[in-house]
Amino acid sequence: MGTPRFILVAALFVAAGAHGQTSLGAISGTVTDPAGSVVAGVHVLLTQIETRVRRTARSNGAGIYRFDAVAPGLYELRATQPGFSAFVATEFPI
């Protein structure tokens with residue numbers, strides 16, 4: 001039998017304060033397995049393609065990860081956990 005795969009649900013929220021605006025956004029999502037169960041402790045790597053700047057996060061007990069203050073650009077998101085195939089989303093714009 002093959003290695004289980006992540007199903008990664010990601011949502012993008014553009015941050016805008018009540019008293020001002022910003023060009024930065026946030027990326028958050030929930031990591032689940034093929035059965036729909038959340039997966040905690042997943043290493044999530046966010047890389048801005050143009051600058052190669054990398055940021056990391058770990059999914060919490062509810063499977064949620066979050067990156068705040070994300071600059072506009074093209075990104076790659078990679079989720080890895082031992083025992084699972086890696087999930088990679090490439091060249092998505094923010």
Shortest non-hydrogen separation from Gln81 to Gly41 and the atoms involved: OE1-O, 3.0 Å

So, for Val70 and Ala26, which heavy atoms are closest and what is the spacing to 0.1 Å? CG2-CA, 4.3 Å

Nearest-0.5 Å distance that lies between atom CD1 in Ile94 and atom CZ in Phe67: 10.0 Å

Beyond-backbone contact of Phe84 with Val31, side-chain heavy atoms, under 4.5 angstrom: no

How does the hydrophobic cluster around Val53 look, that is, which other residues are in it when side-chain heavy atoms under 4.5 Å mark a link? none

With a 4.5 Å heavy-atom cut-off, do Val39 and Thr32 have their side chains touching? no

Sequence neighbours excluded, which residues qualify as side chain to side chain contact (heavy atoms under 4.5 Å, CB included) partners of Ala71? Leu24, Tyr75

Under the side-chain contact (heavy atoms from CB on, under 4.5 Å) criterion, do Arg78 and Val44 qualify, and how do the steps go? CA-CA 6 Å; Arg78 177 179 297 269; Val44 183; over 6 Å; no

Nearest-0.5 Å distance that lies between atom OG1 in Thr80 and atom CZ in Phe87: 12.5 Å

Return the minimal non-hydrogen interatomic distance between Ala40 and Gly61, and the atom names on each side. CB-CA, 3.9 Å

Give me each pair satisfying side chain to side chain donor-acceptor pair (under 3.5 Å) with a member in residues 50-62, each pair once, sequence neighbours excluded. Gln48-Thr51

Other members of the hydrophobic cluster containing Ile49, with the 4.5 Å side-chain heavy-atom rule, please. Leu74

Contact check, side chains of Tyr65 and Val42, non-hydrogen atoms, under 4.5 Å: no

Using 0.5 Å steps for rounding, measure from the CG atom of Leu77 to the CG atom of Leu45. 8.0 Å

